[in-house]
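Chain naming here is simple, since letters A, B, ... match the order of the sequence lines and numbering starts at 1 in each.
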Amino acid sequence: MKASQLILGTQRENPSDAEIVSHKLMIRAGLIRQVSSGIYNWLPTGKKVLQKVENIIREEMNFAGAQEILMPMVQPATLWEDSGRIDQYGQELLVFLDRHENKFCLGPTHEEIITDLCKNLLTSYKQLPVTLYQIQTKFRDEIRPRFGVMRSREFIMKDAYSFDLDKESLGNSYLIMKEAYTKIFNKIGLDYRVVKADSGAIGGSESEEFHVLAESGEDLLAFSDKSEYAINAELLTELQEGQDPFSLEGKPSPDGNGILKLKRGIEVGHIFKLGKKYSEVLNLRIPGEDHDIYPEMGCYGIGASRIVAAAIEQNHDEKGIVWPSALAPYQVALVEVNTKDKKEIKDKCLEIYQLFKENDIEVLWDDRDKRPGVKFSDMEVIGIPATVIIGERTLETGEIEFKKRQDEKPELVSHQDLISLIKT
RNA sequence: CGGGGCAUAGCGCAGCCUGGUAGCGCACCUGCUUUGGGAGCAGGUGGUCGCAGGUUCAAAUCCUGCUGCCCCGACCA
């Protein structure tokens with residue numbers, strides 16, 4: 001991609017209404033623009049990053065045997081009346097009327113829809129176990145949206161739903177998803193933890209959360225310093241009735257091993273064992289060997305758009321974003337310096353540009369007629385992991401200036417080494 | 001929903017107190033000169049001053065009402 005043709009949307013100054021670093025940088029790097037409170041446009045660069053997240057999720061979900069579907073964002077409110085959640089979910093559910101004055105809502109989650117779908121779709125216990133998923137826009141009318149896409153009203157979520165014959169099989173489906181999640185967050189390249197969690201409004205028996213560790217995280221997590229024990233501090237205080245979560249620091253771990261340490265996290269994934277809650281209340285019965293069964297369900301969410309913000313919270317410096325390579329919108333920036341009356345520089349850039357393209361390296365060629373400083377800072381705020389600089393200095397020698405995002409100065413490398421340097 | 005703040009060009013802001021027909025920096029467009037870390041000069045584009053009412057000869061400015069956005073809290077993926 002040539003920067004001269006790209007709608008970059010970078011901004012020099014921090015927006016006045018952004019508080020946390022990921023929000024500021026997402027605006028300044030031209031990833032998002034606000035439409036309304038908790039509602040955002042995703043610009044070309046942001047969309048690329050989001051798509052990287054989605055594709056990693058999709059790959060691992062498919063690998064785990066889950067099947068991708070797409071459910072509607074608009075759902076009949078009657079389904080929510082049937083499940084009894086219309087009151088429980090409350091104001092967060094955005095309800096409206098269509099032209100026939102039928103009540104609909106914007107889907108904040110899809111247990112009702114998927115359960116209803118499966119009533120017609122699953123016709124035999126032989127089809128179980130099965131896990132279906134989608135990557136789709138959700139809407140939750142948050143009391144107070146904040147921090148950009150970190151806590152937005154509209155957001156992109158991957159939600160998966162498993163259906164099993166019995167509890168044991170559900171346990172297996174759950175583990176498969178947990179493993180897939182582990183692989184997803186490893187691939188994305190963030191520092192994360194899994195903790196026991198409260199199943200909240202979704203309901204069910206058991207749940208775990210995946211948190212990206214960051215100082216700005218809204219959740220407080222408690223870990224034992226001696227064992228694997230890890231729990232959402234809020235849940236632990238509920239279990240221990242009414243303590244201040246902060247007071248947990250240094251207390252003995254409930255599993256009897258070690259003492260508790262607190263960290264802050266951003267919840268990016270949540271997996272639940274739902275049991276028969278939805279299958280029973282919505283009457284999803286599947287013919288079994290001798291009698292109909294209500295399948296044991298599980299549900300598994302990942303906040304794709306939130307991951308983008310969380311990744312920035314964890315990976316930035318004073319110049320801007322520092323993408324983990326799996327999420328970078330481009331793997332390399334090709335910056336040309338002083339090309340006026342220097343056709344050789346343009347030619348050299350074109351040559352390298354094509355070399356990258358032939359090797360399937362996503363390259364952003366900054367061919368704009370701008371000062372070098374402007375280009376460097378744009379590439380840095382966007383967070384592209386590597387930059388290749390082409391200018392007069394190295395035109396004669398044939399060497400290439402190559403700089404990693406966090407390096408102060410470029411190093412000189414040979415033409416042949418370029419590709420392998422970027423791929424590692 | 002309670003408490004606080006803000007609303008003037010794409011972004012960041014001044015002007016408001018003390019009413020007189022809107023300004024600065026950045027960005028953007030044209031030209032020339034520049035070009036290795038956010039260039040210089042010259043010229044230019046862009047604003048129903050959030051909305052509605054009121055006071056006044058005259059309102060960005062004063063008064064009233066409303067809306068939107070941000071922050072803190074309760075709540076939540």
Review point. 5'-most contact on RNA chain B: Ser36(A) or Ser16(A), nearest heavy atom basis?
Key: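 Looking at the nearest nucleotide for each, Ser16(A) comes out on the 5' side.
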Practice item. Taking atom P in both rG54(B) and rU8(B), compute the distance separating them and give it to the nearest angstrom. Key: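 About 24 Å, rounded to a whole number of Å.
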All N/O pairs under 3.5 Å across the protein-nucleotides 28-31 of chain B interface:
residue, atom, partner, partner atom, Å
rC28(B), OP1, Lys370(A), NZ, 2.3

Practice item. Name the orientation class of the two ring planes belonging to Tyr181(A) and Tyr300(A) (parallel below 30°, tilted from 30 to 60°, perpendicular beyond 60°). Key: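 Ring orientation, 0 to 90° scale: perpendicular.
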Review point. To the side chain of Arg144(A), which of rC72(B), rC69(B), rC76(B) is closest?
Key: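 Of rC72(B), rC69(B), rC76(B), rC72(B) is nearest to the side chain of Arg144(A).
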Review point. Does any pair with a residue in residues 55-72 of chain A pass salt bridge (charged side-chain N to carboxylate O under 4.0 Å, His left out), and if so which ones, sequence neighbours excluded?
Key: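 For residues 55-72 of chain A, and leaving out neighbouring residues, the salt bridge (charged side-chain N to carboxylate O under 4.0 Å, His left out) pairs sorted by first residue read Arg58(A)-Glu68(A), Glu59(A)-Lys187(A), Glu60(A)-Lys183(A), Glu60(A)-Lys187(A).
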Check your understanding: With the sugar-phosphate defined as primed atoms, P, OP1 and OP2, and the base as all remaining atoms, what B/S/- string results for nucleotides 36-46 of chain B, 5' to 3', for protein heavy atoms under 4.0 Å?
Key -> BBBB-------
Exercise for review: Identify whether any heavy atom of Glu142(A) sits under 4.0 Å from a base atom; if not, whether one sits that close to sugar-phosphate; answer base, sugar-phosphate or nothing.
Suggested key: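 Glu142(A): base contact, heavy atoms under 4.0 Å.
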Exercise for review: Would you mind classifying the nucleic acid contact of Pro15(A) as base, sugar-phosphate or nothing, using non-hydrogen atoms under 4.0 angstrom?
Suggested key: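 Pro15(A): backbone/sugar contact only, no base atoms under 4.0 Å.
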**Study point:** Arg153(A): partners by side chain to side chain donor-acceptor pair (under 3.5 Å), with sequence neighbours left out
**Key:**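 Testing Arg153(A) for side chain to side chain donor-acceptor pair (under 3.5 Å), a comparison that skips the adjacent residues, returns Asp141(A).
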Without decimals, in angstroms, what is the distance between [X] [atom1] and [N] [atom2]?
X         : N       : atom1 : atom2 : result
Ile143(A) : rG73(B) : CD1   : P     : 13 Å
Ile27(A)  : rC11(B) : CD1   : P     : 10 Å
Lys24(A)  : rG12(B) : NZ    : P     : 13 Å

Exercise for review: Would you kindly say whether Thr394(A) and Glu399(A) are connected by a side-chain donor-acceptor distance under 3.5 Å?
Suggested key: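 No, no side-chain donor-acceptor pair sits under 3.5 Å.
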**Study point:** Listed partners of Phe185(A) passing ring-ring contact (aromatic ring centres under 6.0 Å, His included), at least two apart
**Key:**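 Phe185(A) satisfies ring-ring contact (aromatic ring centres under 6.0 Å, His included) with Tyr192(A), Phe210(A) once adjacent residues are dropped.
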Check your understanding: Testing Arg368(A), Arg12(A), Arg28(A), Lys370(A) for salt bridge (Lys or Arg N to Asp or Glu O under 4.0 Å) with Asp378(A), which one passes?
Key ->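 Passing option: Arg368(A).
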**Study point:** Residues within residues 42-66 of chain A bordering RNA chain B, heavy-atom distance below 4.0 Å
**Key:**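 Result for residues 42-66 of chain A: none.
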Practice item. With Ile352(A) as reference, evaluate Asp347(A), Val332(A), Leu418(A) under the side chain to side chain contact (heavy atoms under 4.5 Å, CB included) test and give the passing residue. Key: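 Result: among Asp347(A), Val332(A), Leu418(A), Leu418(A) is the only option passing the side chain to side chain contact (heavy atoms under 4.5 Å, CB included) with Ile352(A).
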